[in-house]
Enquirer: 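Before I ask anything, let me first share the structure, which is written out below as structure tokens.
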Amino acid sequence: MQFGTPPLSPAARRAPTFHADPAADARQLLGALLPPRPALHHAHARLAVLGLATARALPQLLAALPRLPLAASHSYPLSLFRCASCASAFASNHLLRVLPHPLPLRLFPRLPRRNPHSFTFLLASLSNHLDADPAVAVSIASRLMGAHVHALAVKAGAAGDLYVRNALIHFYGVCGDVAAMRKVFDELPLVRDVVTWNAVLAGYVRAGMVGVAREVFDGMPMRDEVSWSTVVGGYVKEGELEVALGVFKNMVVQGVKANEAAIVTALSAAAQLGLLEQGKFVHEVIKRAGVAMSMNLGAALVDMYSKCGSVAAAKEVFDAMPWRDVFAWNSMICGLATHGLGHDAVQLFEKFVSEGFCPTNITFVGVLNACSRTGLVDEGRWYFKLMAEKYGIESEMEHYGCMVDLLSRAGLVQEAIELIEGMHIPPDPVLWGTVLSACKRHGLVDLGITVGNKLIELDPAHDGYYVLLASIYAKAKKWDEVRKVRKLMSNRGTSKSAGWSLMEAHGIVHKFLVGDMDHKDSVQIYNMLCMIDRRLAEAGYVPDVSSVLHDIGDEEKVHAIKVHSERLAIAYGFIVVEAGSPIRIVKNLSVCGDCHEFSKMVTKVFGREIIVRDGSRFHHMKDGKCSCHDYW
DNA sequence: ATAGGGTTAG
């Protein structure tokens, strides 16, 4: 595997110090960028080719500035700003783009030399600024500024320039102002090229109007690979993952060379769906089309394989990457954690830190998840502290979620409650839900009743809380209360989101609902399920119906549980997945307790492997055991 | 000599 994008050398990773003399700066910067490795990053290569002829290199240097680690360079742009009065049009245009806001707008009217290019640089700067910072104040100010720049361009007679128009369309798209964007687009129908069309496409996608984007795409007089990848990205953004993959396949079939963006996006779609065959197809496209492997692609592949249940393939890709960025490390660490390989995840985190990388909030989601899933209580507490104290990362809801889970699971329910009550943001009810299920597990009846009633008040539509509370009452043999909770639940008319299970077979995705009879092979599936049930009963399996709360008899409960979507998928797996291969299932909800037992038993009795991805983790089941250690 | 569109981790 070839990876074509090496990172900066260690020398360049340290922020350079800058002098007032741009010539000296250029030499120093180029020195820092010169190759530890034969291949250089694109921008750096351009710099190196231009050599040390500073006068010529300066604009390129400026162009490369935003991509370089210039933490210590606050005064540098200002010193450039002061020299701008004598800058050439060429250099000052670059200045417009690289200076931090609000310098470009202050600089623009004072520049002695401007040309139509200047407007595009200025607009690009505004768009970047707006894109990078979603704050309302920034947004309003930038929009006003953009409209002002638009007016200036009209006055200067530059508004008909193709590049200026494209930059304007992009700008209004970033603002989310599709009406203004459309107006610029419609004004001069003859001054358009593929970039114009792509900018409009992207504007609609950004505004969440993927349907309109699709109409534009279908009617475009010209398309290139960016048009395709924008549409694929649009569908992924809207959660229409199957459609996104369909468009991607169409692109490949039509012979359009898939670019990195399209592939990364398609991999993300496959990852979110959890469909390994789809993901492998995208990987094949990479290999067949000879797309150069990059850090982005590597990271996306690692993520895809982890989320599609093949942590081994993820590791293989990760290990083959000669250079990795934070994305790649985070994907791998989080992947190990969701697969229950907590020790490996923590070990990898330590390696990551020892190689000089700086963890992000996502890294800690992975690490804390790893600790919680593996029961590493002390380590979890320690990393939680480390995150804030050493790295200055503020805890987000996900971090609290991991910690509450970690503590509750270990029986430290009181500590979990203290953590929730001390939070600096309003806690998500889900955190209390974690505490509630811990109360059930650890038999804390009184606390469970308090928390359960509070939760039902907070979120009356969530049926899981009623189920938990009722089972806590049941555990305490308070049958009157159990009945009351049931009644409350049916009166409130809680809506449980419908559970489904997906199964892939030879490129076709099969979706099952509870008691589903719609599948074309339904008869065979139910026959298979009967056979499995018989064999499991012989092996001593007894259904546990405690998770069924409907007011029905036990016999009916057993029946209800027997046709859970997951079991239908397993039965179908017996029919279509060749022996020796694991049966892979993707679920939207958590596995119910009895299905979990049932599935484990299947792996033991029939000697098959089952891999289930539920809402938040993987269950690797083999020989009657599960990687989650029966806690989820 | 300069310019414009698309990109992923919880």
Side-chain angles (χ1 to χ4, degrees), chain A residues 46 50 53 55-60 62-63 87-97 113-125 127 158 161-171 173-174 191-203 205-206 213 223-234 236-237 258-272 294-304 306-307 325-335 337-338 360-369 396-402 616-617:
Chain A
R46 279 176 60 201
L50 283 158
R56 287 171 58 88
L58 182 61
Q60 270 68 29
L62 291 171
S88 65
F90 179 78
S92 55
N93 285 345
H94 280 282
L95 266 181
L96 286 175
R97 199 176 57 177
R113 280 171 284 274
R114 293 188 310 222
N115 54 24
H117 298 301
S118 312
F119 288 101
T120 47
F121 278 98
L122 186 59
L123 285 165
S125 156
S127 304
D161 179 88
L162 177 63
Y163 282 79
V164 174
R165 276 166 48 74
N166 290 347
L168 275 169
I169 290 170
H170 175 62
F171 170 77
V174 171
V191 189
R192 288 177 188 166
D193 67 357
V194 72
V195 177
T196 322
W197 286 97
N198 289 345
V200 168
L201 260 189
V205 163
R206 217 183 268 267
R223 289 177 196 153
D224 66 2
E225 66 282 1
V226 174
S227 329
W228 284 90
S229 61
T230 305
V231 174
V232 176
V236 172
K237 186 168 164 264
N259 55 5
E260 188 179 271
I263 292 173
V264 166
T265 320
L267 283 172
S268 155
Q272 287 179 57
S294 65
M295 282 196 287
N296 283 343
L297 283 183
L301 279 169
V302 168
D303 182 53
M304 181 278 288
S306 302
K307 293 212 175 109
D325 60 1
V326 181
F327 268 83
W329 285 94
N330 283 353
S331 296
M332 195 67 242
I333 292 169
C334 293
T338 48
T360 68
N361 52 348
I362 310 284
T363 321
F364 280 104
V365 170
V367 172
L368 296 176
N369 243 326
E396 293 167 43
M397 201 58 75
E398 285 73 12
H399 303 115
Y400 284 116
C402 295
S616 55
R617 62 175 49 66

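All values below come from the heavy atoms of this structure, side chains included, with hydrogens, waters and symmetry mates left out. By convention in this document, chain letters (A, B, ...) are assigned in the order of the sequence lines, proteins followed by strands, and residues within each chain are numbered from 1. Here the structure is a predicted model, which means the values were calculated and not measured.
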Enquirer: For B:dG6, does OP1 or OP2 lie under 4.0 Å from any side-chain N or O of A:R206?
Expert: yes
Enquirer: Assign A:H170 to base, sugar-phosphate, or nothing according to its heavy-atom contacts below 4.0 angstrom with the strands shown.
Expert: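 Sugar-phosphate, backbone atoms only, no base.
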Enquirer: Under 4.0 Å, counting only non-hydrogen atoms across every strand here, what does A:L201 touch: a base, just sugar-phosphate, or nothing?
Expert: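 Contact class for A:L201: none.
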Enquirer: According to a cutoff of under 5.5 Å between the ring centres and under 30° between the ring planes, does A:F121 stack with the base of B:dA3?
Expert: no
Enquirer: With distance as the sole test, does A:H170 use its side chain to make a donor-acceptor pair with the main-chain N or O of A:V200 at under 3.5 Å?
Expert: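 No, because the side chain of A:H170 does not come within donor-acceptor range (under 3.5 Å) of the backbone of A:V200.
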Enquirer: Less than 4.5 Å apart, side chain to side chain, heavy atoms only: is that true for A:D325 and A:N296?
Expert: yes
Enquirer: Nearest to the side chain of A:N296, heavy atoms from C-beta on, is which of B:dG4, B:dT7, B:dT2?
Expert: B:dT7
Enquirer: Kindly point out which of B:dA3, B:dG6, B:dG10 is positioned nearest to the side chain of A:D161?
Expert: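 So the nucleotide nearest the side chain must be B:dA3.
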Enquirer: Would you indicate what A:E396 reaches in the nucleic acid, counting non-hydrogen atoms under 4.0 angstrom: base, sugar-phosphate, or nothing?
Expert: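 Answer is base: heavy atoms of A:E396 come under 4.0 Å of a base.
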Enquirer: Side chain of A:F327 only, please: which of B:dT7, B:dA9, B:dG6 is the nearest?
Expert: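 Nearest nucleotide to the side chain: B:dA9.
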Enquirer: Quick check on B:dA9: is either OP1 or OP2 less than 4.0 Å from any side-chain nitrogen or oxygen of A:S268?
Expert: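 For B:dA9, OP1/OP2 do have a side-chain N/O of A:S268 under 4.0 Å.
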Enquirer: Nearest to the side chain of A:V264, which nucleotide is it out of B:dG4, B:dT8, B:dG10?
Expert: B:dT8
Enquirer: Do the side-chain N or O atoms of A:K307 get closer than 4.0 angstrom to the phosphate oxygens (OP1, OP2) of B:dG10?
Expert: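 Answer yes for this pair, as a side-chain N or O of A:K307 is under 4.0 Å from OP1 or OP2.
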Enquirer: Would A:R223 and A:W197 count as a cation-pi pair here, with the cationic atom under 6.0 angstrom from the ring centre and within 45° of the axis?
Expert: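 The answer is no, since A:R223 fails at least one limit relative to A:W197.
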Enquirer: Using modelled atom types only, decide if a donor and an acceptor are shared between the side chain of A:T265 and the backbone of A:A261 within a distance under 3.5 Å.
Expert: yes
Enquirer: I need the CH2-C1' distance between A:W329 and B:dG10, as an integer number of Å.
Expert: 19 Å
Enquirer: At under 4.0 Å between heavy atoms, what does A:A167 touch on the DNA or RNA strands: base, sugar-phosphate, or nothing?
Expert: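 No contact.
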Enquirer: Could you tell me whether A:S229 contacts a base, only the sugar-phosphate backbone, or nothing, with contacts defined as non-hydrogen atoms closer than 4.0 Å?
Expert: base
